[in-house]
Amino acid sequence: RLDQTKSDFISIASHELRTPLTVMRGYTEMLLEDSNLSDNFKQVVGSIHKSTLRLHEIMDSMFDIAQIDARALQLHIQPVDTAALVRDVCNGLKKSLADRRLSLTLELPPLPTVKADPNILRKVFSHLLSNAVKFTPNDGAIRVTGTVAPPSQIDLPNGGVEIIVSDTGVGVDPDFQEMIFTKFYQPGELGKHSTSQSRFKGGGAGLGLALSKGIVEAHGGRIWVESTGHDEVNPPGSQFHVLLPLAKQEVGNTTPMGGAVNIKV
């Protein structure tokens, strides 16, 4: 009953708040384009706009969670090059990486395209990489690798694509490696404020990993974490695995392949 109450609240709040936030976003963007606005006011409006975008992200996550809970998440399936998708997500993290002096290496070989919704799937890697930034101490390293999973009679009859996001961060206690994928879970003390997305151990809404799990499972895949433990003095790091199934190919057809991505951000 408690879980259902939380789901109902998320659904109502996300629906009711999206419209006024859209209005706020639209008007602040109009003001920022006004050449008559003084620099001081532009700075103020810019801060309002940035905060509105952050609220929009939280509301979008709440809306997606509500759809997943109601099993109403609509996927627009098409062939997706996961390596290119991850590269695009990483390109949006350059400032956060620079602020924290973190290195990000992508080592992705040519991978078969998967049948997925690219806009929805992008959120998974955005959350995983943002978490890697957030929970990795300054001067640490993040690495993204990929591989082709062989066919399995249990859950991968046609094989799959596995993407692994590794970091040198504080790690995850084995006792909580399932719990971190539940709604509103917060490591340590409950965070009362949604802070910077790049600040070390910054707070958040606690929806990112729950949303990622729902999205991956909606695509017929699995997500899990591997870590030897949690230690902020001698960070052991962690590895988040995303396994997506490949679709069955018609006789005579082959699965299209994406390009390799080997870069350091």
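The structure displayed is predicted, hence computed values, not measured ones.
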Against Ile163, only a single residue in Ile223, Leu128, Leu111, Thr147 fulfils side chain to side chain contact (heavy atoms under 4.5 Å, CB included); can you say which? Leu111
Look at atom CD of Glu178 and say whether more than 12 heavy atoms of other residues, nucleotides or ligands are closer to it than 6.0 Å. no
Can you confirm whether Val242 sits close enough to Glu162 that some side-chain heavy atom of one is under 4.5 Å from a side-chain heavy atom of the other? no
side-chain contact (heavy atoms from CB on, under 4.5 Å) evaluation trace for Leu93 with Ser130: CA-CA 8 Å; Leu93 292 172; Ser130 294; 4.2 Å; yes
Minimum side-chain heavy-atom gap Gln239-Val165 below 4.5 Å: no
If only atom types and distance count, is the side chain of Thr168 paired as donor or acceptor with the main-chain N or O of Ala141 below 3.5 Å? yes
Grab the two heavy atoms, one from Ala247 and one from Asn158, that are nearest each other, plus how far apart they are. C-ND2, 3.8 Å
At what distance, to the nearest 0.5 angstrom, does CG of Leu108 lie from CG of Leu106? 5.0 Å
Nearest 0.5 Å please: distance from the CG atom of Leu21 over to the CE atom of Met59. 6.5 Å
Could you pull out the closest heavy-atom pair between Leu85 and Pro118, with the gap in Å? CD1-O, 3.6 Å
Under 4.5 Å between side-chain heavy atoms, hopping through other hydrophobics if needed: is there a path connecting Leu17 to Ile58? yes
Under a 3.5 Å distance rule, please check whether Gln78 uses its side chain to pair with a backbone N or O of Ala116 as donor and acceptor. no
Would a 4.5 Å heavy-atom cut-off, applied to side chains only, mark Ser238 and Glu226 as touching? no
Between NZ of Lys50 and CZ of Arg54, what distance do you get to the nearest 0.5 Å? 10.5 Å
Strictly distance-based, threshold 3.5 Å: is any side-chain N or O of Thr113 a donor or acceptor partner for the main-chain N or O of Asp81? no
Measuring from atom CG of Leu121 to atom OG of Ser126, what distance do you get when rounded to the nearest 0.5 angstrom? 11.5 Å
Begin from the C-alpha positions of Val144 and Phe240 and carry the test side-chain contact (heavy atoms from CB on, under 4.5 Å) through to its verdict. CA-CA 10 Å; Val144 184; Phe240 282 84; over 6 Å; no
Give me the atom names and distance for the closest heavy-atom approach of Pro110 to Met257. O-CE, 3.5 Å
Intermediate values then yes/no, side-chain contact (heavy atoms from CB on, under 4.5 Å), Val261 and Val86: CA-CA 9 Å; Val261 176; Val86 171; over 6 Å; no
One should read off an interatomic distance between Thr182 OG1 and Phe176 CZ, to the nearest 0.5 angstrom, of 10.5 Å
Would you give the length of the straight line joining atom CD1 of Ile68 to atom CG of Asp64, rounded to the nearest 0.5 angstrom? 6.5 Å
Test of understanding: with ring pair (Phe, Tyr, Trp, His ring centres under 6.0 Å), list the residues that count as partners of Phe125, not counting sequence neighbours. none
side-chain contact (heavy atoms from CB on, under 4.5 Å) partners of Thr145, counting only residues at least two apart: Glu107, Arg143, Ile164
Is there a chain of hydrophobic side chains (I, L, V, M, F, W, Y, each step under 4.5 Å between heavy atoms) that links Met179 to Ile65? yes
Please name the pair of heavy atoms, one in Ala149 and one in Leu156, separated by the smallest distance, quoted to 0.1 Å. CB-CD1, 4.0 Å
Quickly, which of Asn138, Asp139, Thr136 forms a side-chain hydrogen bond (donor to acceptor under 3.5 Å, both in side chains) with Arg100? Name it, please. Asn138
Starting from Phe181, can I reach Ile215 by hopping between I/L/V/M/F/W/Y residues whose side chains sit under 4.5 Å apart? yes
So, do Lys115 and Pro245 sit near enough that their side-chain heavy atoms are less than 4.5 Å apart? no
Side chain Thr28, main chain Arg25, donor-acceptor under 3.5 Å: yes
May I ask you to decide if His76's main-chain N or O and Asp117's side chain share a donor-acceptor pair within less than 3.5 Å? yes
If hydrophobic clusters are built by linking Ile, Leu, Val, Met, Phe, Trp and Tyr wherever their side-chain heavy atoms come under 4.5 Å apart, do Leu55 and Leu53 end up in the same one? no
Quick check: is Val114 connected to Leu75 through a chain of hydrophobic side chains (ILVMFWY, heavy atoms under 4.5 Å apart)? yes
On a heavy-atom basis, which atom in Leu31 and which in Leu37 lie closest, and how many Å separate them? O-CD2, 3.4 Å
When you compare the side chain of Cys90 with that of Leu129, does any pair of heavy atoms fall below 4.5 Å? yes
Any pair with a residue in residues 213-224 that passes salt bridge (Lys or Arg N to Asp or Glu O under 4.0 Å), sequence neighbours left out, goes on the list, sorted by first then second residue, please. Asp155-Arg222, Lys213-Glu217
How close do Pro236 and Val170 get, heavy atom to heavy atom, and via which atoms? CD-O, 3.4 Å
Which is it for Val89 and Arg122 under the side-chain contact (heavy atoms from CB on, under 4.5 Å) test, yes or no, and what are the steps along the way? CA-CA 7 Å; Val89 172; Arg122 185 185 306 274; 3.5 Å; yes
Among Leu102, Asp99, Asp167, whose side chain to side chain contact (heavy atoms under 4.5 Å, CB included) with Val133 holds? Leu102
Over 60° means perpendicular and under 30° means parallel, so classify the ring planes of Trp224 and His241, tilted if in between. parallel
Heavy-atom distance under 4.5 Å between the side chains of Ile142 and Ser166, does that happen here? no
So, are Asp60 and Arg18 salt-bridged, with charged N and O less than 4.0 Å apart? yes
Using modelled atom types only, decide if a donor and an acceptor are shared between the side chain of Ser227 and the backbone of Val172 within a distance under 3.5 Å. yes
Taking NZ in Lys42 as the centre, count heavy atoms belonging to other residues, nucleotides or ligands within less than 6.0 Å. Is the count above 12? yes
